[in-house]
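Worksheet: the structure to be examined is printed underneath.
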Amino acid sequence: RVPFPATNPEVDGYYLGENNIGIYTMRLCDYLVDHLGDWDLVVCNGSALERAWKVDRDRMVSVVSREQQLVFRHRGARRNVFMAAQPTATGPPLGRPPLQAPDYWDPATREGRVPHKLVPAAPQEMAWLQELLDGTFKHKTTRDGRGRRLAKRFVAVQALRSEHPALWDRYAQRRTQVAEERRSAPPGCLVAPNTSNLAEGLTGRC
């Protein structure tokens, strides 16, 4: 559904405004990449095409068409995605301490006695998240949003930390395996994320 422009539609153009094409694009990506597991998203391109028609001597009407191009690569075999295999509230606990469990976890999850727990972020963690938001925020707008008021920043209001022993155990085992495989790699071959220096405390937690 695309709302009709509320002001000056002859200039703004029909179907030029807020739309939900981005939401359905992500739904398609989640289905192919996470649910089916056989596809990788390679590239995503979006564009808008506008055409104007002169309906009389002093009046023109324009229509905007939006398109989204998605390119996927088929892997040919189902790959493991780090998703809970069963509902976390009713699934069985791991039954043992997960490999290299974070020391800041709750004792019950660190020892594998509960399947999953959501913990409210501590004030220090909220401060780290705010540093990450402030460091990555861009005060820019899209072409169809020119003239509108923009937010100056985003504020972290609430956050939850997910402590899942079974998923963490799989992640830690794979992390150890990758570290061994990359031990003989030449220096400088690993690329550090651009956000790793924005909130050093949060990076240390990861």
query = Which word best sums up how the rings of Phe72 and Trp39 line up, parallel for under 30°, tilted for 30 to 60°, or perpendicular for over 60°?
reply =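 Plane angle over 60°, so perpendicular.
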Mind checking the [atom1]-[atom2] spacing from [X] to [Y]? Nearest 0.5 Å is all I need.
X	Y	atom1	atom2	value
Asn194	Thr136	CG	OG1	11.0 Å
Thr25	Gln68	OG1	CD	4.0 Å
Tyr104	Gln124	OH	CD	13.0 Å
Arg113	Leu94	CZ	CG	12.5 Å

message = For Val155 and Gln130: C-alpha separation, side-chain torsions, deciding distance, then whether side chain to side chain contact (heavy atoms under 4.5 Å, CB included) applies.
response = CA-CA 6 Å; Val155 177; Gln130 188 61 55; 3.8 Å; yes
[X] side chain near [Y] side chain, heavy-atom distance below 4.5 Å:
X	Y	answer
Leu167	His116	no
Arg153	Asp134	yes
Pro120	Gln158	no
Thr109	Pro165	yes

Treating [X] as the side-chain partner and [Y] as the backbone partner, does any N or O pair qualify as donor plus acceptor under 3.5 Å?
X	Y	result
Asp38	His74	no
Trp168	Gln100	yes
Arg110	Asp103	yes

Provide the closest heavy-atom pair for [X] versus [Y] in the form atom of the first, atom of the second, distance.
X	Y	result
Leu198	Glu131	O-OE1, 3.6 Å
Asp169	Leu99	OD1-N, 2.8 Å
Pro115	Pro92	CB-O, 3.8 Å
Gly201	Trp128	CA-CE2, 3.5 Å
Cys29	Leu70	SG-CD1, 4.4 Å

query = Could you walk me through whether Glu163 and Arg161 pass the side chain to side chain contact (heavy atoms under 4.5 Å, CB included) check?
reply = CA-CA 6 Å; Glu163 299 181 358; Arg161 185 177 68 244; 2.7 Å; yes
task = Consider only side-chain heavy atoms of I, L, V, M, F, W and Y, link residues closer than 4.5 Å, and tell whether Met126 and Leu202 are in one cluster.
result =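 Shared cluster, yes.
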request  = State yes or no: do Leu41 and Leu32 share one hydrophobic cluster built from I, L, V, M, F, W and Y residues joined by side-chain heavy-atom distances below 4.5 Å, directly or via other members?
outcome  =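 The answer is yes; both residues are in one hydrophobic cluster.
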[X] atom [atom1]: more than 12 heavy-atom contacts under 6.0 Å:
X	atom1	value
Phe154	CZ	no
Asn45	CG	yes
Gln177	CD	yes

inquiry  = Quick check with a 6.0 Å cut-off and a 45 degree axis cone: is Arg174 positioned over the face of Tyr171's six-membered ring?
reply    =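 No cation-pi geometry.
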